[in-house]
Amino acid sequence: MMQRDYVQDLSAKVGQEVTLRGWLYNKRSSGKIQFELLRDGTGICQCVVVKNVVGAEMFASCDTISQESAIAVTGIVQATEKAPGGFELSVTKVDIMGAGGDYPITPKEHGVEYLMEHRHLWLRSQRPWATMRVRDTLIVAIRNFFHERGFICFDSPILTPNAAEGTSTLFETKYFDEGMAYLSQSGQLYGEAGAMAFGKVYVFGPTFRAERSKTKRHLNEFWMVEPEVAFMDLEGDMELAQEFVHYVVGKVLAERRSELSILDEGSGRLVQRCEQVLKPFVRMHYDEAAKILDKYWDEKLASGEELPPTFKRFEYGDDFGAYDEVALTSLYDAPVIVHHYPAAVKAFYMKRDPNEPDKALAMDVLFPGFGEIIGGSQREDNYDVLVSRIEEHGLPMAAFEWYLDLRRYGSVPHAGFGLGLERLVMWVCDLEHIREAIPFPRTLTRIWP
RNA sequence: UCCUGAGUAGCUCAGUUGGUUAGAGCAUCUGACUGUUAAUCAGAGGGUCGUAGGUUCAAGUCCUACCUCAGGAGCCA
C-alpha cells in the first residue's frame with residue numbers, strides 16, 4: 001500500500017513535509033494568503049497557501065478550488081494555536097484531483113429534510129462524521145464484549161418463513177416456489193437454537209419492521225444485537241444487560257471524546273450523559289413502577305399542568321407508553337430496569353413467573369429521559385406451556401415445529417435481550433432523530449438515497 | 001391509522017389590515033484585502049409564492065379541494 005499521510009497523525013510529524021489527500025471542506029482567502037480546510041476522513045487540517053511562497057500561478061489556481069473538490073496538498077506541518085486542531089500545513093504544492101462544482105451543502109443552515117435528500121454528501125459533514133465514528137466504536141465494542149465472554153457470533157437468516165412474534169407487520173417478498181418470505185424482524189428464535197448449540201451466542205444484524213411508525217425513535221430498517229444464553233435466568237439477563245451497557249458506553253468515553261465534543265460543541269454534556277449510565281441500574285418490579293407512575297400522573301393532573309393532546313393516563317396492566325417511560329426515568333439519575341411486566345402485554349415466548357403467573361419474566365432497560373433501549377426476557381422452556389401459548393396467540397403451529405424441537409430435546413432455562421443499535425447511538429450522541437444514527441435511514445417516507 | 005403544523009430565490013427564512021416593481025442572510029459570479037476561524041467589505045445575477053379552482057377592482061396574503069413534507073400518538077428496539 002502506498003505511503004500515506006493522514007490528518008489524525010500530524011501531531012507526530014511537526015516540521016516534516018507531508019502530502020495530505022482529501023477534499024476541500026471550506027476556505028477563507030485574503031488577497032495574498034488563503035486558508036484551505038482539508039478534510040481527509042480522519043480529521044480536518046488548515047492548509048495555509050501564501051502567494052509569494054507558492055507563486056502567483058499556483059496561488060491563482062488555488063483560489064478557484066470549490067468546496068469538496070478533491071485535492072492533494074504538500075507542505076510542512078506546523079504546530080500553532082491559530083489553527084483548529086492545533087496543527088496546520090505551510091503549503092508548497094497543491095494538486096487538484098477532482099473539481100467540486102456547486103456543492104449543495106454550504107457551510108450555513110439547512111433543514112433536515114434537505115440534508116437527508118443529500119445524505120450521501122451530508123455524511124462528509126462534521127456532525128454525521130462524528131456520529132458514525134461513535135457508531136463504529138459501539139459496533140466494535142459490542143462484538144468485543146461478547147467475544148471476551150465466550151459468546152460466538154451467530155448470524156440469523158434475513159429471509160424467514162414466518163413472523164417471529166406474530167404481531168409486527170413484516171416486509172414480504174416472493175421466494176421461488178416456496179410462497180412468501182418475510183424480512184426478519186428479530187433473530188431471537190434462531191438465537192435460541194444457537195444457545196442450545198453453543199451455550200452463549202449473539203445475533204447482530206439488520207432488522208426490518210413494516211410498521212407505519214412515525215416517531216423520532218423508529219426506523220423501518222435498523223440493526224439489533226441479541227445475545228441468548230443457555231442456563232441463564234431473568235436475574236442473569238439483567239446483570240448481563242447492565243454489564244453490557246457499561247462496557248460499550250465505556251468504550252465510547254475512552255475512544256471518542258473528540259467526536260462527542262464535536263456533537264455537543266465542547267460543552268461536555270455528552271460525557272456527562274455517558275457517565276450517567278455507567279452507574280448501577282435502578283431495578284424495580286412492574287407493580288412498583290406502576291405505583292410510582294400512578295402517583296406521578298395524579299400529581300401532574302392535580303397540578304393543572306397542561307398535558308399533550310395525545311396523552312393517555314397509564315392504568316395498571318398497561319404496557320408503558322412514551323410519556324410513562326420518560327416520566328419514570330426522569331426520577332432517576334441512572335437507567336431503570338423494569339421487570340415482571342404483565343404477561344398479557346408481552347410476547348408468547350416469554351416465561352411466566354411460577355410465583356406470579358400473570359407476570360412475565362421480562363425486563364426493559366429504560367434510559368434517562370429517553371425510554372426503552374433494551375428489551376429482554378427469560379424464555380418459556382416447557383414444551384407443553386409453549387404449545388399452549390402459541391395456540392393462545394393464534395400462531396400457526398407448523399411454523400414453530402423447529403422451535404418446539406428446542407424444547408423436545410434437552411430444554412433448559414435460557415434468556416436473552418435485544419438492543420437497538422441506533423437507539424443507543426441516538427442516546428449517546430443525543431440526536432434529535434434516530435434517522436441520524438444510521439448512514440442511510442429507511443423510514444416511512446424515505447428510501448432514497 | 002389518528003391528531004397538529006408547514007410549503008415564498010440554490011439553501012435558511014421574513015412578508016403587517018388583501019393594495020405600486022415580492023425582501024434579507026448565506027451560496028454563486030466580479031472586485032478589494034498577508035493570519036482567517038460560519039472571515040470581512042463593495043457590486044451583480046437569481047422567483048410560475050406546492051398544485052388546481054374560487055372570492056375580489058386587486059390575492060404570497062381570504063375560501064375549497066388535492067399533493068408533499070414535518071412534528072406528536074400507537075406499534076416497538
Side-chain angles (χ1 to χ4, degrees), chain A residues 25-37 44 46-53 59 63-64 66-67 78 80-85 88 90 100-118 125-126 164-165 167-170 185-188 206-226 241 265 307-312 318-326 345-347 364-367 370-376 417-427 432-435 437-438 443-446:
Chain A
Y25 192 67
N26 196 8
K27 72 173 174 186
R28 293 175 275 276
S29 70
S30 188
K32 289 169 185 159
I33 185 169
Q34 289 173 42
F35 300 92
E36 316 229 318
L37 295 182
I44 291 177
Q46 172 167 285
C47 303
V48 185
V49 184
V50 176
K51 192 171 187 176
N52 56 25
V53 172
F59 189 84
D63 207 27
T64 67
S66 59
Q67 195 189 354
Q78 313 278 354
T80 167
E81 284 176 9
K82 291 179 200 162
E88 68 179 18
S90 290
D102 247 359
Y103 191 66
I105 301 178
T106 58
K108 275 285 175 178
E109 284 172 61
H110 296 284
V112 178
E113 184 55 23
Y114 178 82
L115 291 168
M116 272 300 168
E117 202 62 23
H118 299 85
S125 300
Q126 284 278 273
E165 301 174 26
T167 51
S168 295
T169 316
L170 304 185
Q185 59 141 354
S186 166
Q188 184 211 306
T207 305
F208 307 88
R209 305 272 166 95
E211 302 289 348
R212 301 180 82 85
S213 297
K214 202 167 155 38
T215 86
K216 55 176 71 170
R217 295 194 318 281
H218 285 85
L219 290 168
N220 293 289
E221 176 182 314
F222 64 97
W223 287 69
M224 185 155 66
V225 56
E226 298 170 286
E265 281 145 359
L307 293 164
T310 50
F311 175 76
K312 183 177 164 288
D318 289 348
D319 205 349
F320 298 146
Y323 298 114
D324 302 312
E325 291 185 354
V326 171
V345 301
K346 289 292 180 184
D364 283 350
V365 179
L366 311 176
F367 268 36
F370 183 82
E372 185 176 350
I373 284 259
I374 286 176
F417 62 78
L419 169 128
L421 175 65
E422 289 76 16
R423 289 245 175 116
L424 184 60
V425 173
M426 180 183 177
W427 190 86
E432 271 300 303
H433 197 295
I434 196 167
R435 65 191 155 198
I438 187 168
T443 62
L444 194 53
T445 54
R446 175 159 301 284

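A, B, ... follow the sequence lines: proteins, then strands. Residue 1 opens every chain.
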**Asked** Base, sugar-phosphate alone, or nothing: which one does A:K214 contact when heavy atoms must sit under 4.0 Å apart?
**Response** base
**Message:** Would you measure the distance from the C1' atom in B:A42 across to the matching atom in B:C62 and give it in whole Å?
**Reply:** 43 Å
**Request:** Can you tell me, in whole Å, how much space there is between the C1' of B:U51 and that of B:G60?
**Result:** 15 Å
**Request:** Mind calculating the distance between CD1 (A:I374) and P (B:C76) to the nearest angstrom?
**Result:** 18 Å
**Asked** How does protein reach along nucleotides 5-11 of chain B, written 5' to 3' as B (base within reach of a heavy atom under 4.0 Å), S (only sugar-phosphate), or - (no contact)?
**Response** ------S
**Message:** Is A:R435 close enough to B:G71 that one of its side-chain N or O atoms is under 4.0 Å from OP1 or OP2 there?
**Reply:** yes
**Prompt:** Looking for any heavy atom pair under 4.0 Å, which part of the strands does A:Y323 touch: base, sugar-phosphate only, or nothing?
**Reply:** sugar-phosphate
**Request:** Classify the nucleic acid contact of A:T80 as base, sugar-phosphate or nothing, counting any heavy atom under 4.0 Å across all strands shown.
**Result:** nothing
**Fill in**
In short, A:N220 meets A:L444 closest at the heavy-atom pair ND2-N, 3.0 Å
**Asked** NA contact type, A:S29, heavy-atom cut-off 4.0 Å: base, sugar-phosphate, or nothing?
**Response** base
**Message:** Counting the atoms with a prime plus P, OP1 and OP2 as sugar-phosphate, which does A:I373 contact under 4.0 Å by heavy atoms, base, sugar-phosphate, or nothing?
**Reply:** sugar-phosphate
**Prompt:** Has A:F35 got its ring stacked on B:G35, by the test of a centre gap below 5.5 Å and a plane angle below 30°?
**Reply:** no
**Message:** Please enumerate all residues that pass side-chain hydrogen bond (donor to acceptor under 3.5 Å, both in side chains) together with A:E36, with sequence neighbours excluded.
**Reply:** none
**Asked** So what's the dot-bracket for RNA chain B: Watson-Crick or G-U pairs under 3.5 Å, [ ] if a pair crosses, | if it pairs off-strand?
**Response** (((((((..((((.....[...)))).(((((.......))))).....(((((..]....))))))))))))....
